[in-house]
Amino acid sequence: MVAAVPPIVILGAGPAGLVLARILNLHCIPYTIFERDASPASFSKWGGTLDIHHNTGQVALAEAGLLDDFKRIARYDAQVLKIADRHANIMLDVSGSDDEKRPEIDRRDLRDLLLKAVPDEHIRWGSKVAKVEREEDGSMTVLLAEGGKAVGGFKLVVGADGAWSKARSLVTAAKPMYAGNTFFTTSVSISSPYHDTISSLVGPGMFLTCDSGHQIIAQRLADGSYQINISLPVTEGWATSSTGAALIAKPQALREFLLQFYADWAPTATDLIRKSDGAFRPWPLYSLPLEAASWKSVPGLTLVGDAAHLEIPDGEGVNRALTDGVSLARRIAAHYCGSGDDDGKDGDLDAAVREYEAEMLPRVRREREENKTKVMLLWAPDAPNSFVEAVMGGHVGQE
């Protein structure tokens, strides 16, 4: 007997897709997830730490029945932010607290928390999506990269597949735009002789030093190591060019190359590069145009998370993604009847999408517009001075 095709397919097992799946599961609504990773164990070690906000991300986790589990592993002492100038003068020090507003969690730990809440039989690992198509009868088909296999019969495709979503083109022609900067991510291990020094500098949270479009960021991870992000205004594609790839393959050579661009910065700042001891990973920064979050709803498809509203880091991305997942899940649950009859009475999923997008799109436009000033000030020629002045004057919120 051939198994019935579930009405909903979610592309991607990231925060938005998994919290959506978790809530669909609680409502006994059938779905499947296509995830490109070969298995849970193959998830990238990169990703750093995320602050989950009490009024957005934590609300989503509570609706998914996972807030207590989150609180058991969240790092409340990591709500520490120090911002310094190129001379390592501390310009802003947001002391840590034990309140519950914005505790930190490693990206890997958040994904593990969500994965444990979704039955594994709902996830098709190693299923990299190449394309999404709408058939003449209105059903949706997903074409997989492996062997060009087509899986069809879906009534709703949810693009939760990140920056380079294969579903986005069906709702908007907008494409990610390179922001002009690439982060090069490395680490300081617990065994490093430099570990005690970086612990004194950064503490349990984050240290950011910036000036004239350059940033060096250090974040403590759950295992006590530190992730280091170093920005460089290279051209798009430089990291995969022969020059860039050759340097990335030789960490010490890349450190020396990066240090040339920070030659007049204080040793306290440059030691974060010089004394790192991990491999490097390039992280080019992209965003979708603000006006992209204004498409007209189309049958059989919607987007959540970065697939819908990719932005350069602004402290809100994962919280928006979790909120998207819950917002869509609420509306699907409200419309779904799931009789399983041959006449396809799975509820009005298109109505659920229209309601979700009517809530999500203006919310995202508003939040991104509000955060635009904060993001721009941290990359400004006089950073971090203008950012600190804006924070102290109450013009932008503190992270």
Side-chain angles (χ1 to χ4, degrees), residues 36-37 42-49 84-88 106-108 128 162-164 175-195 197-198 201-202 206-221 223 225-287 306 310-313 317 375 378-381 383-384:
R36 68 180 179 181
D37 286 348
S42 63
F43 182 60
S44 171
K45 69 176 182 178
W46 307 98
T49 181
D85 62 17
R86 70 195 301 158
H87 306 295
D106 284 11
R107 185 179 295 273
R108 177 187 289 274
K128 183 178 180 180
W164 303 104
K175 295 181 180 180
M177 301 183 302
Y178 181 54
N181 263 285
T182 293
F183 275 124
F184 293 87
T185 301
T186 185
S187 59
V188 174
S189 65
I190 300 174
S191 60
S192 167
Y194 177 59
H195 190 268
T197 302
I198 194 174
L201 175 67
V202 181
M206 182 172 85
F207 175 86
L208 184 157
T209 177
C210 55
D211 186 283
S212 302
H214 288 73
Q215 296 184 4
I216 305 173
I217 304 171
Q219 286 183 305
R220 187 183 181 100
L221 303 181
D223 65 0
S225 66
Y226 286 86
Q227 177 168 294
I228 313 297
N229 292 316
I230 307 112
S231 77
L232 201 62
V234 294
T235 56
E236 184 176 14
W238 182 89
T240 54
S241 69
S242 57
T243 300
L247 282 170
I248 292 168
K250 298 178 180 179
Q252 188 55 37
L254 181 55
R255 286 186 189 93
E256 294 170 2
F257 176 78
L258 291 170
L259 284 166
Q260 297 177 51
F261 298 88
Y262 292 87
D264 57 349
W265 288 43
T268 297
T270 56
D271 277 353
L272 294 168
I273 305 172
R274 186 179 294 109
K275 297 184 178 182
S276 63
D277 59 359
F280 279 88
R281 171 182 179 265
W283 175 18
L285 302 184
Y286 285 87
S287 66
D306 283 350
L310 177 67
E311 177 61 282
I312 65 173
V375 173
L378 284 173
W379 291 99

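Taking 4.5 Å as the limit, some side-chain heavy atom of Thr186 sits within range of a side-chain heavy atom of Arg255. Between Leu201 and Leu272, the closest side-chain pair of non-hydrogen atoms falls below 4.5 Å. Using a 4.5 Å cut-off on side-chain heavy atoms (C-beta onward), Pro313 and Trp283 make contact. Proximity of Ile230 to Leu232: side-chain heavy atoms (C-beta onward) are nowhere separated by under 4.5 Å. Two residues are said to be in side-chain contact when any heavy atoms from C-beta on lie closer than 4.5 Å; Thr197 and Asp271 fail this criterion. Counting heavy atoms from C-beta on, the side chains of Asn229 and Gln215 never come closer than 4.5 Å. Considering only heavy atoms from C-beta on, Thr49 stays 4.5 Å or farther from Arg220 through its side chain. When side chains are defined from C-beta on, Ile248 counts as touching Pro282, because their heavy atoms get closer than 4.5 Å.
Atom-to-atom distance recorded for Tyr262:OH and Asp211:CG is 9.5 Å, nearest 0.5 angstrom. One distance of note links CZ of Phe184 with OG of Ser231; it measures 9.5 Å at 0.5 Å rounding. Here the straight-line distance linking atom CZ of Arg281 with atom CD of Gln227 works out to 8.5 Å at 0.5 Å rounding. Going from atom CD1 of Ile217 over to atom CG of Leu208 covers 4.5 Å, rounded to the nearest 0.5 Å. Here the straight-line distance linking atom CD1 of Ile273 with atom CD1 of Ile228 works out to 9.5 Å at 0.5 Å rounding. Within the model, atoms CG of Leu247 and CD of Gln252 stand 11.5 Å from one another, a figure rounded to the nearest 0.5 Å.
Using the six-membered ring where Trp is involved, Trp379 and Phe183 have ring planes that are tilted, between 30° and 60° apart. Taking the six-membered ring for Trp and thresholds of 30 and 60 degrees, Tyr226 and His195 have ring planes inclined between 30 and 60 degrees apart.
For CZ of Arg107, the number of neighbouring non-hydrogen atoms (other residues, nucleotides, ligands) closer than 6.0 Å is 12 at most. For Arg36, the CZ atom counts as loosely surrounded, since its 6.0 Å shell holds 12 or fewer non-hydrogen atoms of other residues, nucleotides or ligands.
In plain terms, the two heavy atoms of Ala163 and Asp306 that are nearest each other are N-CB, 4.0 Å. Summarising the geometry of Ile190 relative to Ser225, their closest heavy-atom pair is CG1-N, 3.8 Å, with the distance given to 0.1 Å.
A donor-acceptor pair shorter than 3.5 Å cannot be found between the side chains of Thr243 and Ser241.
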